[in-house]
Structure formats: structure tokens, C-alpha cells
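What you see is a predicted model, and the numbers here were worked out from it, not measured in a lab.
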Amino acid sequence: MKKKREEEERQRRIRRERGIESDEEDEEKEEEEEQLPPLYVPDEPNSIHCGFYSTHDPNKFWVSMGSYDAGYLYECDFPDEKKNLQLKREDREDDIGDPCQAVPVTDSNDVPIRNITFSKNGQQVIFGFEDGSIRIQSINQDGLKFKPNTSHGDLTGLGPYWTLNVHDNNYGEVTSVATSMDDRYIFTTGTDGNFFVYRLMTQEQIEEAKAIAKAKIPSARKEDIERKVDDIENKDHYSIEVEKQKAEHDRMMKLAEEKKMNVRRTIARLRRQFKKLLESNADLPEHLQLERMEFEMDPEIKKDMERQTAQRIELVRKELAWESDKHQIALDKLKKRFKNELECERITVISIQSSHEVSTFRTSELSEDFYQLKADMVSRQATRMTERGLSRDPTREALLRQAKRSESESDTMIGIGAQDHKKTMVLTGRLGEKVANALQKAERIKKKREARKAQWVELHEHKPPEDYEDPDDIRAIKEAQEHMGDFKLKTAKDYVVPEHLRMNAHKKLNQLIILKELVC
């Protein structure tokens, strides 16, 4: 403070000699300075939370205070009578007990620092705050000489820092901070009852991270060369998404295995404890031993645990219901596509003593649509045969029916004549027999004539007109005109495909159905 005032006085004297500043201005400035409000000094001194010796001067020390003085680190001197007498001679009694310097802790929000610890190498300082947070801050070591086996550094040059809130913000003030011997781990405790361990980066790792994070300014002369990226055509090529999915799957499997191992360890520990209990019970006198039934669990507790287990299983089943249904539908589709449609699987018979082998064909089962088409084809064929039967010549059929009727009537007349003859033979002798034979012969001739006459009458009644043409003759003539005499080549322009050789959609569909049935 004295050196600063002497320097200000010297600069003021130089300005007055050069005429830059007058005595009036100096007096005005002194008046303005006198008008500044006095510094606030609390009635009761604030509490000191932590302190340590300064490394560059054994007669000084650093302290961290709370309340109004929070957010600063103060370097103070130990009481010195000679220095106090000198300040009294200079009328500076108010400066007695003032700190040498105050270092602000940036971004601390005036939260009191409860604990300060240095790393073993003296390159970092760890602050423990009242709100449960810790701060690791680098310190400048230029020009400092550290004592061997000391963990205290200098706080005059604080560098970058890293802050983490772990303890409770209201009830978890940090009570103690310590580092391991190799500066790899930090240990903290708080009033919230928690104990935390942190892994600290080494100085080499910090320097490497700084070098990587350091911004590089590209050269203005460097040309931007366009890189040609080839397309990835291999389906098994590395992909970030596949790697993420694999990492997530591996993580879940690892957690599941760890959970299984923890459960197994717990079960094994409980078994050992139960075995020890049984052994202790066996060592007791017989009248003091407990029965095995008394070691068994209460049935109600067992039922309750089984019920809870069933509820958990049901909950997991509901959570995985969508995934299970998805895979089941996919399996059903695969079976329907590749398995259910097969009528015969591929079977290979291999010879043992030779290299011959015989295989069957992998044939698929015919679909329901095929059988429906086949039934339609059979129905159409039956309809066509019925129509063909109804389209036959009615005149020819009438003549055939008349001829059959005439034969049946002649047989009937002959039978009636024979009955009459029997009746006459009874009334005569030998002569009557000859007469009866003659009469029968005449009667037969007469009946034949009458029958023939009736046939002729019926024939004349059904005789077609003079301009009638027989349909069979017409078809024969037509067929002769189409196929006999003037033969047309298929390549001729006037060639006409016969009706029975013409192809349409129904005929082609019938052919395809027959071929499919033969192949399958």
C-alpha cells in the first residue's frame, strides 16, 4: 500500500510540473476521494473455515472465510512487532492486521469454501464448497520452488477449473477432501453422510486433451480439395448404427449376467448361513435343539413371494407381448410361405458303397384356387355334353321309337292268337286240328299284313316333306366341303380355322389346369 501511494504521489508531481494537472484539480480529486463511502466492516468477524501456510514465505498463511468474506482467498501475515511499530510511526494503524492480498474465486457465487487440498504434484488445487460441490482448478507454478514432500501450492495464479455437484446442495457441505498417493483418485466426505471417489486425469492426459482441443486456424492459401468418397456396396460393411445396436445389446447382456451373478452370490451366502445355523443347532444339547420344521419359512410368506413372482412374470410378459407377437407373426409367415405349402419335402437317398444318390422333387401342395378352377372345368364339360345330347336329330329318334313300338305290338298279337287257338283245339278232333292249323296260319298272315299296313300308315304319317334335308347328311356335306377336295393351308390368306380347333380362354385355362395337376 505504501509503495502504491508513493507511486501515485510521484506521478501527480510530474503532471503538475508539466502543467497537465493543477493543484485545484488535485484538490478536487482529493475531495472526490474523500466523498467515497466507507468500507463495510461487519461488527462480528466472519468465521474462518480453513487455512494453510504459504509456500513462498513461511511468515504468511492463506485463509478461507464465510459469510460476507466468502468467495475470496486471503493471504495474511503473522503478527510482527517491528512491522506494527513502523505502521504506527507512519500513522497507518488501520492497516495493522489487513491481509496482504485477496484472490477472488471466480464463479463461486460467494459460496464459502469449506476445504482446500492440493494434489501431490502441486499442479491442481481441490476446493470443497458449502453447497456440496467440488472444484478442481489448475495453478500457475512458474517461478515457484516447492519443498519436497509437501502438498501445498501457491494460489496467486489460478487457471482453468472443473466443477461437479455430487453432495446434497442444502445439507451436504464438503467436510474433507483427500487425494491418493499417485493423484489418480480423489476422496470426499460430506455432512449428508455420503462418501464419493473420483478418478482424476493425469497431467499427461490433461496436456494431450489440451493439445487436441486447441483450435487450429486453417491456412488461407490451402486449397479445398474435394474428396471422392466411394459408395459402400458390401452389406457387411461396418456401420455406426450396427455398432450402436451391438454395443447396446452387449451392455444389456452384461447387466443381465451381473444381475444373475449377484443373485447367485446372495443365494450361496444364504445357503452358507443356513448351513451354519443347522450345524450350530446340531451342536446344542438334544433338549435345546430346534426341529427342522421350525427352520422352514412361514407358508403365508412363501405364498406371498410366489404371488409376487407370478405378478412380476406377468408384468414382463405384458411388456414383451408386442415383441413376442411380432416374432410369432413372422414365424407363421415363414411357415406359411415355405413349409405349409409343401406336399412332399426333398428326400435324398445316398448309396453307401458308391457315389450314387437319388433325390425326390420338392413339390408344393396345390392351392384351393386350383381345385376351384378344376371343379369349374368339370362342370363346364358336363354342361357341354348335356347340350350336345339335347341337340341330336328328333326325326331319327322318332322312327327308332316307332319301330320298337311295332315289334312289341306284333309280339302281343301273336300271343293273343295262340291263346284263341288253344281254346278252339279243345272243341275238335284230328280234323279240327288241321282246320285250326290252317286258321292259325291264315290268322298269322292276316296279322302280319295288318301290322305291316299299320307301319306303312305310321311311316306315311311321319314322312318328311319333299324339301326336308337330313341333318346328318347336312353335317356330312359340310364336313366334306371343309375337309375334302379343296384343302386350305394354314399359311393361306383365306384359311379358316375349324370350330373344334379354335382356341379360346376357357380351353387354354383347362390345358393349364391339367398341366399343373400333372406337374405337381
Next on the checklist: Go through it in stages, so that I can follow the logic: the residues are R251 and L255, the test is side chain to side chain contact (heavy atoms under 4.5 Å, CB included), and I'd like the CA-CA distance, side-chain angles, deciding distance and then a yes or no.
Outcome noted: CA-CA 6 Å; R251 186 184 67 81; L255 292 176; 3.3 Å; yes

Next on the checklist: salt bridge (Lys or Arg N to Asp or Glu O under 4.0 Å), that's the test. Do R307 and D304 meet it? Break it down for me.
Outcome noted: CA-CA 5 Å; R307 185 169 56 256; D304 190 17; 2.8 Å; yes

Checklist entry - What's the verdict on side chain to side chain contact (heavy atoms under 4.5 Å, CB included) for F370 and I513, showing C-alpha distance, side-chain angles and the deciding distance? => result CA-CA 7 Å; F370 169 78; I513 292 172; 3.4 Å; yes

Item to check | Step-by-step salt bridge (Lys or Arg N to Asp or Glu O under 4.0 Å) determination, E450 to K447 | outcome: CA-CA 5 Å; E450 290 176 357; K447 289 179 180 180; over 6 Å; no

Next on the checklist: The test is side chain to side chain contact (heavy atoms under 4.5 Å, CB included); show your working for L459 and K463 and say whether it passes.
Outcome noted: CA-CA 6 Å; L459 181 61; K463 181 179 180 180; 5.9 Å; no

Next on the checklist: Set out, in order, the CA-CA distance, both residues' side-chain angles and the distance that settles side chain to side chain contact (heavy atoms under 4.5 Å, CB included) for E319 and L315, then state yes or no.
Outcome noted: CA-CA 6 Å; E319 291 177 352; L315 179 61; 3.8 Å; yes

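Q353 is linked by a side-chain hydrogen bond (donor to acceptor under 3.5 Å, both in side chains) to nothing, counting only residues two or more places apart in sequence or in another chain. Under the salt bridge (Lys or Arg N to Asp or Glu O under 4.0 Å) criterion, R452 pairs with no residue at all, not counting sequence neighbours. When the side-chain contact (heavy atoms from CB on, under 4.5 Å) test is applied to D182, the partners found at least two apart in sequence or on another chain are S180, R184. Considering only residues two or more places apart in sequence or on other chains, W456 meets the ring-ring contact (aromatic ring centres under 6.0 Å, His included) condition with H460. Every residue two or more places apart in sequence or in another chain that forms a side-chain contact (heavy atoms from CB on, under 4.5 Å) with Q381 is listed here: M377, R384. Qualifying side-chain hydrogen bond (donor to acceptor under 3.5 Å, both in side chains) partners for E314, counting only residues two or more places apart in sequence or in other chains: R317. The side-chain contact (heavy atoms from CB on, under 4.5 Å) search around E357 returns T348, I350, not counting sequence neighbours. The side-chain hydrogen bond (donor to acceptor under 3.5 Å, both in side chains) check on E294 picks up nothing, with sequence neighbours excluded. The ring-ring contact (aromatic ring centres under 6.0 Å, His included) search around F196 returns H167, not counting sequence neighbours. Residues forming a side-chain contact (heavy atoms from CB on, under 4.5 Å) with S354 (at least two apart in sequence, or on another chain): S351, H356. A search for side-chain hydrogen bond (donor to acceptor under 3.5 Å, both in side chains) contacts involving Q511 returns K508, not counting sequence neighbours.
Taking the charged nitrogens against the carboxylate oxygens, K254 and E257 have no contact shorter than 4.0 Å, which rules out a salt bridge. A salt bridge links R475 with D472: at least one charged nitrogen is closer than 4.0 Å to a carboxylate oxygen.
Taken to the nearest 0.5 Å, the CG atom of L509 stands 5.5 Å off from the CG atom of L373. To the nearest 0.5 Å, atom CZ of residue F187 and atom OG1 of residue T179 are 8.5 Å apart. D168 CG to N165 CG: the interatomic distance, rounded to the nearest 0.5 Å, is 10.5 Å. Taken from CZ in R135 to OG1 in T106, the straight-line distance is 5.0 Å, to the nearest 0.5 Å. In this structure, the separation between CG on N510 and CZ on R380 is 5.0 Å, given to the nearest 0.5 Å. Expressed to the nearest 0.5 Å, how far NZ of K303 lies from CG of D298 amounts to 9.5 Å.
For M181, the CE atom sits in a loose shell: 12 or fewer heavy atoms of surrounding residues, nucleotides or ligands are nearer than 6.0 Å. Taking a 6.0 Å sphere around CZ of R292, one finds it holds 12 or fewer heavy atoms contributed by other residues, nucleotides or ligands. Annotation: K507, atom NZ; neighbour count of heavy atoms from other residues, nucleotides and ligands within 6.0 Å is above 12. Summarising the local packing, CZ of F361 is surrounded by 12 or fewer heavy atoms from other residues, nucleotides or ligands at distances under 6.0 Å. Atom CD1 of I240 has 12 or fewer heavy atoms from other residues, nucleotides or ligands within 6.0 Å. For Q289, the CD atom counts as densely surrounded, since its 6.0 Å shell holds more than 12 non-hydrogen atoms of other residues, nucleotides or ligands. Under a cut-off of 6.0 angstrom, the local environment of CD1 in I352 is sparse, with at most 12 non-hydrogen atoms contributed by other residues, nucleotides or ligands.
Remark: the backbone N or O of T189 is paired with a side-chain donor or acceptor of T175 at under 3.5 angstrom. At distances below 3.5 Å, at least one donor-acceptor pair connects side-chain atoms of T191 with backbone N or O atoms of E173. Looking only at distances, a side-chain donor or acceptor of D131 sits under 3.5 Å from a matching main-chain atom of S133. Looking at R346, its side chain never comes within 3.5 Å of a backbone N or O of S359 through a donor-acceptor pair. Under the 3.5 Å distance criterion, the side-chain polar atoms of T360 are matched with a main-chain donor or acceptor of I347. Side-chain atoms of S119 come within 3.5 Å of backbone atoms of Q124 as a donor-acceptor pair (strictly under, hydrogens ignored).
Donor-acceptor pairing under 3.5 Å is recorded for the side chains of E323 and H327. A donor and an acceptor atom, one from each side chain of Y198 and T188, are located under 3.5 Å apart.
Pairing each heavy atom of F129 with each of V111, the nearest pair is CD2-O, 3.7 Å. Summarising the geometry of R114 relative to V174, their closest heavy-atom pair is CB-O, 3.3 Å, with the distance given to 0.1 Å. The two atoms that bring I186 and V177 nearest to each other are CG2-CG1, 4.1 Å, heavy atoms only.
Within the structure, side-chain hydrogen bond (donor to acceptor under 3.5 Å, both in side chains) pairs that include any residue of residues 263-283 comprise N262-R265 (at least two apart or interchain).
By the 4.5 Å heavy-atom criterion applied to side chains, K441 and N437 are not counted as neighbours.
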